[in-house]
Asker: 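Take a look at the following structure, please.
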Number of protein chains: 2
Amino acid sequence: MRKDPSRATGRPTLAEVARLAGVAQITASRALRDVPTVDPGLVSKVREAANVLGYVPNPAARTLASARSQSVVVLVPALSNQLYIETLEAIHSVLRPRGYEVLIGNFHYSREEEEELIRNYLAFQPCGILLTGFDRTEASLRLLEANKVPCVHMMELTQAEDVFCVGFSQEDAGAVVARHLLARGKRRLAYVAAQLDARVLQRGEGFKRALAEAGVLDPALEIMVPEASSVGLGGELFGRLLRQHPDVDGIFFCNDDLAHGAIFEAQRQGIAVPDRIAFVGFNDLPMSAHIVPRLTSIRTPREAVGKHAARLMVARLAGAEVPDRTVDLEFELVVRESS
Amino acid sequence: MRKDPSRATGRPTLAEVARLAGVAQITASRALRDVPTVDPGLVSKVREAANVLGYVPNPAARTLASARSQSVVVLVPALSNQLYIETLEAIHSVLRPRGYEVLIGNFHYSREEEEELIRNYLAFQPCGILLTGFDRTEASLRLLEANKVPCVHMMELTQAEDVFCVGFSQEDAGAVVARHLLARGKRRLAYVAAQLDARVLQRGEGFKRALAEAGVLDPALEIMVPEASSVGLGGELFGRLLRQHPDVDGIFFCNDDLAHGAIFEAQRQGIAVPDRIAFVGFNDLPMSAHIVPRLTSIRTPREAVGKHAARLMVARLAGAEVPDRTVDLEFELVVRESS
DNA sequence: CTTCGATAAGACAGCGCTATCTTAAGAGGA
DNA sequence: TCCTCTTAAGATAGCGCTGTCTTATCGAAG
């Protein structure tokens with residue numbers, strides 16, 4: 001059969017499927033890829049032959065021949081963050097059943113690392129890339145541009161033309177939190193943030209803008225540290241803020257982790273939440289609905305972002321007309337006991 | 001240059017590197033792969049040419065020509081579980097710098113789904129597979145066997161010959177928890193578990209074995225539900241247990257999530273932890289060191305498991321002699337306020 | 001009845017790399 | 001000096017697919 005059996009993999013090939021189905025190899029190829037110019041009768045014949053042989057296409061050969069893989073690269077700033085896990089899971093759930101492979105790249109909140117990942121992953125000739133946000137190096141942008149890989153941006157929105165993005169307004173979310181705390185009668189409002197990526201900064205901007213509009217912005221009421229966010233850090237930053245500004249009566253944490261830590265610390269110090277100080281988190285992690293007191297938070301559509309971004313990519317790859325290049329999935333303020 | 005430029009990808013190829021370096025293509029190939037029979041002078045010449053051109057090898061062509069990719073498949077039962085994220089991250093950190101791609105498969109605690117994933121991923125001709133535990137379908141085992149892909153098993157240990165595994169004794173961990181609670185003077189001890197995978201069952205077995213040895217095992221003191229574990233479920237199961245057995249004075253939760261939920265529920269019900277009931281969790285998630293009261297837990301070496309499993313795989317792929325096929329990374333009981 | 005265009009099926013070549021076989025060039029011994 | 005043996009470099013032939021061009025077939029139009 002094969003000229004040099006030592007090189008072969010042992011698995012059935014398209015040629016064998018074609019032979020069994022009694023058609024040319026290329027016809028079998030087209031039949032299995034749903035190319036519309038193949039007679040339905042032949043398609044089912046080929047399908048059956050493939051089934052009988054247990055044929056699974058060789059992705060390497062496919063990629064080499066067509067210069068385009070069936071892989072979608074997803075670049076996220078962290079895996080440790082529960083947030084991105086849910087998004088990734090959603091992306092998987094859309095792409096895998098449609099035959100796409102998902103390659104995950106974690107760039108650890110580093111633009112340089114992201115650039116390196118892009119460079120390396122482009123060698124896989126991915127059919128699309130899902131990116132987090134818009135903040136990346138010039139070189140990254142050039143690479144993506146030069147390789148003409150379809151991109152979809154997640155988590156942030158933009159007005160720019162020809163950019164596909166799925167997310168929500170981080171700034172508006174910050175503003176909503178500010179107005180909520182103001183409505184609760186709080187006036188000494190602080191923003192506590194860690195892991196200062198673009199989105200964390202946007203939330204803070206929105207929060208402070210709303211405070212300024214209400215005439216209660218005190219720029220001193222802010223702690224922003226670049227280190228990674230964690231429960232322990234939340235307690236620490238809360239303690240620090242309280243020592244510096246004992247009169248603070250409301251805090252917006254850039255994510256729930258920090259808020260959880262602050263709740264524990266408040267409990268230890270015997271500080272009444274929300275009476276003396278109200279807390280609001282961000283992301284609405286599962287724990288927030290159960291912690292004592294239950295945490296008010298912004299519920300972010302992170303699963304929906306993944307699903308929509310993946311669907312948008314699939315639509316583009318299928319050549320479909322995509323009416324909405326910008327998908328605003330919105331967020332929701334979930335008011336609970338902590339405010 | 002190329003015969004049919006329309007088919008080309010536009011990126012530099014090995015042939016161009018070889019031309020620039022003034023060697024045959026195959027020599028360039030060998031030089032870049034560190035095949036030892038190439039003159040060091042030529043190696044650096046080729047390396048430089050590759051650098052000048054910005055050459056990145058085409059993985060699809062590589063895989064097709066060698067019938068083996070540089071991808072390692074990792075199959076985990078869940079992504080939602082913090083536990084596996086840390087393991088995955090560790091695996092990534094070892095494999096990616098060495099040029100391996102990591103393909104993640106999530107089988108959602110389903111043996112059938114795992115089998116399907118194995119079938120599909122084998123088409124990628126992975127150079128290795130990292131598996132979670134030992135519980136899988138016959139067909140899965142046969143597929144792995146037939147394709148002769150090196151496997152490393154994570155999270156559990158076995159005495160079987162010729163099986164590479166990295167983990168710790170789940171049973172022993174359960175027993176350690178039991179003895180700890182007994183030493184605290186507790187006698188009405190319960191096991192509360194969800195997501196009943198093999199490891200959760202093993203922990204329970206170890207726990208109950210130790211209780212039986214101490215003569216205090218009450219088989220009624222147990223709640224095991226198959227549904228997914230969550231903070232909310234922990235509170236619920238704790239409430240249920242307390243109604244059925246108001247005299248329970250110590251609970252071992254199969255993971256920290258459940259224990260956190262139970263702590264919140266206890267706080268709401270005004271039940272003193274640990275005085276009336278002591279709690280012990282499993283995994284020692286970051287939050288456990290901060291929750292009020294701080295949670296006693298078993299610290300599992302999940303990051304180390306990933307690192308060691310990946311290193312073991314790398315060593316096998318390099319053809320190195322691996323002295324220890326079984327790596328027991330052990331666990332640690334971290335005693336805190338909740339017991 | 002011929003011509004033409006549309007459509008379906010096939011032939012062919014090549015994607016970019018590596019396994020394998022072959023050749024060339026030294027090293028060493030008789 | 002000749003011959004063998006080792007070792008490095010090269011030539012060749014695919015790996016398993018798909019893009020592209022060609023050919024066959026058929027109905028409609030002239």
Side-chain angles (χ1 to χ4, degrees), chain A residues 1-19 21-43 45-46 50 53-71 99 122-125 127, chain B residues 1-19 21-46 50 53-70 99 122-125 127:
Chain A
M1 293 282 165
R2 282 210 202 68
K3 299 110 196 175
D4 178 1
S6 72
R7 295 284 300 276
T9 56
R11 16 180 93 250
T13 69
L14 187 59
E16 294 167 40
V17 173
R19 203 177 307 134
V23 300
Q25 178 170 324
I26 184 65
T27 303
S29 169
R30 290 200 264 250
L32 293 175
R33 280 180 297 145
D34 290 316
V35 174
T37 66
V38 183
D39 183 90
L42 283 190
V43 170
K45 232 189 210 161
V46 171
L53 294 176
Y55 170 75
V56 182
N58 181 328
R62 253 188 186 179
T63 302
L64 187 59
S66 66
R68 179 122 298 187
S69 74
Q70 288 288 97
S71 300
L122 283 174
F124 286 85
Q125 302 177 126
C127 56
Chain B
M1 295 279 166
R2 282 207 202 69
K3 299 111 198 175
D4 178 2
S6 71
R7 295 284 300 275
T9 57
R11 15 182 93 251
T13 68
L14 187 59
E16 294 167 39
V17 174
R19 204 176 308 135
V23 299
Q25 179 171 324
I26 183 65
T27 303
S29 169
R30 290 200 263 249
L32 293 175
R33 280 180 296 144
D34 290 317
V35 174
T37 65
V38 184
D39 183 89
L42 283 189
V43 170
S44 54
K45 233 190 209 162
V46 171
L53 294 176
Y55 171 76
V56 182
N58 181 328
R62 251 185 189 179
T63 303
L64 187 58
S66 66
R68 178 121 300 185
S69 74
Q70 288 287 98
L122 283 174
F124 286 85
Q125 301 176 126
C127 57

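Convention: sequence-line order gives letters A, B, ...; per-chain numbering from 1. We use all heavy atoms of the structure for the numbers below, so side chains are in, but hydrogens, waters and symmetry mates are not. Just so you know, these numbers come straight off a predicted model, no measurement behind them.
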Asker: Note the angle between the end axes of the helix from C:dC1-D:dG30 to C:dA30-D:dT1, five pairs defining each, rounded to 10 degrees.
Answerer: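 The helix from C:dC1-D:dG30 to C:dA30-D:dT1 shows an end-to-end axis angle of 50°.
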Asker: Please report the shortest heavy-atom distance between B:Pro12 and B:Gly54, naming the atom on each side.
Answerer: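 Looks like CG-O, 3.8 Å.
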Asker: Expressed in angstrom and rounded to an integer, what is the separation of A:Asn58 atom CG from D:dG14 atom P?
Answerer: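 In whole Å, D:dG14 P and A:Asn58 CG are 18 Å from each other.
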Asker: Which residue, B:Leu42 or A:Pro57, contacts DNA chain D at a nucleotide closer to its 5' end, judged by nearest heavy atom?
Answerer: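 With B:Leu42 and A:Pro57 compared, the 5'-side residue is B:Leu42.
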Asker: Indicate the atoms forming the closest heavy-atom contact of B:Pro59 with A:Ala123, along with that distance.
Answerer: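 Nearest heavy atoms, B:Pro59 then A:Ala123: CD-O, 3.1 Å.
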Asker: Can you tell me how far P of C:dA9 sits from NZ of A:Lys45, to the nearest Å?
Answerer: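 That distance rounds to 10 Å.
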Asker: Using atom CG of A:Leu14 as one end and atom C1' of C:dC15 as the other, report the distance to the nearest whole Å.
Answerer: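 So the CG-C1' distance, A:Leu14 to C:dC15, works out to 16 Å.
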Asker: Pull out every residue in residues 24-37 of chain A that has a heavy atom closer than 4.0 Å to any atom of DNA chain D, ordered by number, or say none.
Answerer: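 Correct list: A:Gln25, A:Ile26, A:Ser29, A:Arg30, A:Arg33.
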Asker: What are the two closest heavy atoms between A:Phe124 and A:Thr63, and how far apart are they?
Answerer: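 Distance-wise, the nearest heavy atoms are O-CG2, 4.2 Å.
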Asker: I want to check something: taking the side chain as every heavy atom from C-beta on, are B:Val17 and B:Val46 in contact at a cut-off of under 4.5 Å?
Answerer: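 When only atoms from C-beta onward are counted, B:Val46 and B:Val17 do touch, with a gap below 4.5 Å.
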Asker: Quick check for you: among D:dA9, D:dC17, C:dG16, whose closest atom lies nearest to any side-chain atom of B:Ala61?
Answerer: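 The listed nucleotide nearest to B:Ala61's side chain is C:dG16.
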Asker: Specify the separation, in whole Å, of atom CG of A:Leu53 and atom P of D:dG16.
Answerer: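 Going from CG in A:Leu53 over to P in D:dG16 covers 14 Å.
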Asker: What's the closest nucleotide to the A:Ala65 side chain, out of D:dA9, D:dG16, D:dC15?
Answerer: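 Between D:dA9, D:dG16, D:dC15, the one nearest the side chain of A:Ala65 would be D:dG16.
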Asker: Check the phosphate of D:dC15 against B:Ser66, side-chain N and O only, distance under 4.0 Å to OP1 or OP2. Yes or no?
Answerer: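 No, B:Ser66 has no side-chain N/O under 4.0 Å of OP1/OP2 on D:dC15.
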Asker: Rounding to a whole Å, what distance do you find between B:Arg19:CZ and D:dG10:C1'?
Answerer: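 Checked: the CZ to C1' distance equals 16 Å.
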Asker: I need the CG-C1' distance between A:Leu64 and C:dT18, as an integer number of Å.
Answerer: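 Value for this atom pair: 12 Å.
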Asker: Over how many whole Å does the gap from A:Arg11 atom CZ to D:dC15 atom P extend?
Answerer: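 Those two atoms, CZ and P, are 15 Å apart.
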Asker: For A:Leu122, does its backbone N or O pair with a side-chain atom of B:Arg11 as donor and acceptor, under 3.5 Å?
Answerer: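 Flag set: sc B:Arg11 to bb A:Leu122 pair under 3.5 Å.
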Asker: Show the nearest heavy-atom pair for residues B:Tyr55 and B:Thr13, with the distance to one decimal.
Answerer: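 It is CE1-C, 3.5 Å.
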Asker: Of the non-hydrogen atoms in A:Ala28 and A:Val23, which two are nearest, and what is the gap between them?
Answerer: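 Nearest heavy atoms, A:Ala28 then A:Val23: N-CG2, 4.0 Å.
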Asker: Please list, chain by chain and in numerical order, all residues satisfying side chain to side chain contact (heavy atoms under 4.5 Å, CB included) with B:Arg30, sequence neighbours excluded.
Answerer: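 Partners of B:Arg30 by the side chain to side chain contact (heavy atoms under 4.5 Å, CB included) criterion, ordered by chain and then number, come out as B:Ile26, B:Arg33, B:Val35, B:Thr37, B:Val38.
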Asker: Give the minimum heavy-atom separation between B:Ala15 and B:Gln25, together with the two atoms involved.
Answerer: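 The answer is CB-OE1, 3.4 Å.
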Asker: Heavy atoms from C-beta onward define the side chain here; which of D:dG16, D:dA9, D:dC17 lies closest to that of A:Tyr55?
Answerer: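 Given the options D:dG16, D:dA9, D:dC17, the side chain of A:Tyr55 is closest to D:dC17.
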Asker: Return the value, rounded to whole Å, for the distance between atom CZ of A:Arg62 and atom C1' of D:dC15.
Answerer: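 Distance check: A:Arg62 CZ to D:dC15 C1' gives 16 Å.
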